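To keep things clear, I will list the structure first and then write my remarks on it.
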Amino acid sequence: MRILFLSQVLPYPLDAGPKIRAYFTLKHLARKHEIVLLSFVRQSDTPQAIAHLREHCTAVETVPMTRSFVQEAWSGVRSLATGEPFLIARDRRARMLAAVEKAIAAYGPFDAVHADQLWMAPYATHARRASKNGASMRLILDQHNAVFQIPRRMALDEPNLLKRKFLGYESEKMARYEVEACGQFDHVVFVTPQDRAALRLRGLPEAPETRESIIPISVEAPGAGAQRAGRTRRVTFLGGLHWPPNADGVQWFIREIWPTVRGRVEDCVFTVIGKLPEGLQFPGADSSVELLGYVDDPEPLLADTSVFVVPLRSGGGMRVKILDAWSRAIPVVSTSIGAEGLELRNGENILLADDKDTFANEVVRLLSDPEVAGQAGEQGRMTVLSHYDWRREYAAWDRVYR
């Protein structure tokens, strides 16, 4: 088949969960199909990354994604006027619509359009309208999250009344939009049964297997070298803090949990790896907290990590950061929301904690007991080998594109 693959993020390098999902999906599909990748790009995306993706694709076309205060404000006004969710309105770009049409003219006709994440759904439906063979062209949506749950869960811990009202309103709009968008696609792929069930409760109708699938996010399976020893007392979080659930989780951990850990374990350090937006505050952070921002090669820091934490209180989909830690045999402490959708065995491959005291106790336990930490890390590594190896799990995409 000839497939137009639409992505909201350039799927390389593999430094974020959405990129990892898109990259290995694209890599699998490229084994049997011709792929034309059309992706938004940011200033940080490099020619080398685009050149790497061209090794798997017939062509790679890009559209710059820029954001500004004026654009955000206008998107907010448009969202209020039309009822479209703000998160969708702010990523509508006339240049991407034009690029879709240009790709159809240059490389089409396409047998299918693959929309990676909900943000690309409007561009997939535009491709159908713009194509002469639109009636026969299949539309596939890879639904990384039940997105409406993100603002809904953020509202639960938001003390500001106006912000809480806005988040609740955005969640309601997003739920309606998601259900409607899924109905416009010939096949929708979810990453967890929990996401599908959440949308069912908001009106998503039952669908046959020919129209729906669950394919978990999967990663490169670890080798024997993933088992490491001699780590220091480093506690690590990995994830971009431009994503509000990540920022909220790290702020909560530093403010409510880290002082207890720091008071009970000498010489420990909390390292935060990931994009840091300007102006983000971290009350309670002291010299034991390292806010490193984006790191080109986090491998040395992860190799030196004793405990990986996922203190998320909102979000959806799957946390690829846990798969990343598991693949390196690093023991993980997470909230239930942070570990949602994964193959979990609490006390074996992960330690779950939803309140600050339990979370602190579990981190301290792993820092203080190498045997418990080693067993949890190894169980996590085996979980990736058994359930999240993309070479095996992504054979399910062949049933979508048949």
Side-chain angles (χ1 to χ4, degrees), residues 3 5-9 11 16-29 85 87-88 112-125 138-153 171 174-219 243 245 312 314-323 336-344 383-384 387-390 392-402:
I3 301 169
F5 193 108
L6 305 174
S7 183
Q8 203 262 357
V9 292
K19 292 185 176 186
I20 290 171
R21 170 63 162 196
Y23 177 78
F24 287 122
T25 298
L26 184 153
K27 190 172 181 179
H28 177 83
L29 293 176
L87 292 175
I88 300 298
V113 179
H114 181 109
D116 184 75
Q117 299 195 78
L118 184 68
W119 284 261
M120 303 310 291
Y123 302 111
T125 55
R138 298 185 69 216
L139 300 187
I140 312 297
L141 174 62
D142 191 358
Q143 179 75 336
H144 289 214
N145 299 279
V147 183
F148 82 93
Q149 295 207 101
I150 297 171
R152 181 182 69 81
R153 286 169 167 171
S171 176
M174 184 61 79
R176 291 192 294 270
Y177 180 86
E178 284 188 89
V179 170
E180 180 181 349
C182 288
Q184 296 175 326
F185 282 76
D186 299 292
H187 200 110
V188 179
V189 176
F190 299 93
V191 302
T192 72
Q194 289 90 339
D195 282 348
R196 183 172 66 177
L199 283 167
R200 286 273 191 269
L201 293 175
R202 300 313 301 262
L204 183 70
E206 296 284 343
E209 291 184 1
T210 54
R211 295 201 60 196
E212 280 186 1
S213 302
I214 297 175
I215 304 176
I217 298 176
S218 299
V219 296
W243 184 238
L312 270 62
S314 62
M318 283 176 61
R319 241 60 61 201
V320 183
K321 55 176 68 73
I322 292 181
L323 300 182
S336 297
I337 287 177
E340 196 172 58
L342 293 167
E343 292 286 337
L344 303 177
T383 302
V384 173
H387 299 283
Y388 300 109
D389 180 351
W390 76 270
R392 182 182 60 250
E393 299 301 322
Y394 282 7
W397 283 109
D398 296 336
R399 295 189 289 275
V400 177
Y401 285 95
R402 59 184 175 188

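We use all heavy atoms of the structure for the numbers below, so side chains are in, but hydrogens, waters and symmetry mates are not. This structure is a prediction, so every number in the text was calculated from the model and none was measured.
- Closest of all the heavy-atom pairs between Ser7 and Ala22 is OG-CB, 4.4 Å.
- Remark: the backbone N or O of Glu343 is paired with a side-chain donor or acceptor of Tyr388 at under 3.5 angstrom.
- Atom CG in Asn145 sits 4.5 Å away from atom CD1 in Ile150 (nearest 0.5 Å).
- Using a 4.5 Å cut-off on side-chain heavy atoms (C-beta onward), Leu204 and Phe190 make contact.
- The shortest side-chain heavy-atom distance between Leu312 and Trp243 does not fall under the 4.5 Å cut-off.
- At most 12 non-hydrogen atoms from other residues, nucleotides or ligands lie less than 6.0 angstrom from CZ of Arg399.
- At least one side-chain heavy atom of Ile215 sits under 4.5 Å from a side-chain heavy atom of Arg21.
- Rounded to the nearest 0.5 Å, atoms CG (Leu323) and CG (Asp389) are 11.5 Å apart.
- Expressed to the nearest 0.5 Å, how far CG of Leu87 lies from CH2 of Trp119 amounts to 6.0 Å.
- Looking only at side-chain heavy atoms (C-beta outward), Asp195 and Leu199 stay at 4.5 Å or farther from each other.
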List the steps and the verdict of side-chain contact (heavy atoms from CB on, under 4.5 Å) for Glu206 and Arg200. CA-CA 7 Å; Glu206 296 284 343; Arg200 286 273 191 269; 3.3 Å; yes

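- Contact of the Arg153 side chain with the Ile337 side chain is registered, since non-hydrogen atoms from C-beta on lie closer than 4.5 Å.
- In this structure a side-chain-to-backbone donor-acceptor pair under 3.5 Å is present from Arg319 to Gly338.
- Rounding to the nearest 0.5 Å gives a distance of 9.5 Å between CG of Leu6 and CG of Leu139.
- In terms of modelled atom types and a separation under 3.5 Å, the side chain of Glu178 and the main chain of Phe148 share a donor-acceptor contact.
- Here the CD atom belonging to Glu340 is positioned 11.0 Å from the CE atom belonging to Met318, to the nearest 0.5 angstrom.
- Side-chain contact between Phe24 and Ile217 is absent, with no heavy-atom pair separated by less than 4.5 Å.
- Of all heavy-atom pairs spanning Pro193 and Ile214, the tightest one is CA-CD1, 3.6 Å.
- Remark: side-chain polar atoms of Arg138 are paired, donor with acceptor, to backbone N or O of Val400 under 3.5 angstrom.
- Between Tyr401 and Trp397, the ring-plane angle classifies as tilted under the 30° and 60° cut-offs.
- A pairwise comparison of heavy atoms in Asp142 and Val191 identifies OD1-CG1, 4.4 Å as the closest pair.
- The shortest non-hydrogen separation linking Gly341 to Gln194 is CA-OE1, 3.6 Å.
- Side-chain contact between Gln117 and Pro18: present, with at least one pair of heavy atoms (C-beta onward) separated by less than 4.5 Å.
- Checking each of Gln8, His144, Gln143 against Asp116 for a side-chain hydrogen bond (donor to acceptor under 3.5 Å, both in side chains) leaves exactly one that passes, namely His144.
- The backbone N or O of Phe185 lies less than 3.5 Å from a partner atom in the side chain of Arg211, making a donor-acceptor pair.
- Here Asp398 pairs with His28, Lys32 under the side-chain hydrogen bond (donor to acceptor under 3.5 Å, both in side chains) rule; sequence neighbours left out.
- By the 4.5 Å heavy-atom criterion applied to side chains, His114 and Thr25 are counted as neighbours.
- Residues Tyr394 and Pro216 share a closest heavy-atom pair of CE1-O, 3.2 Å.
- Heavy atoms only, all atoms of each residue included: Leu118 and Ala181 are closest at CD1-CB, 3.9 Å.
- Between the SG atom of Cys182 and the CZ atom of Arg196 there is a distance of 11.5 Å, given to the nearest 0.5 Å.
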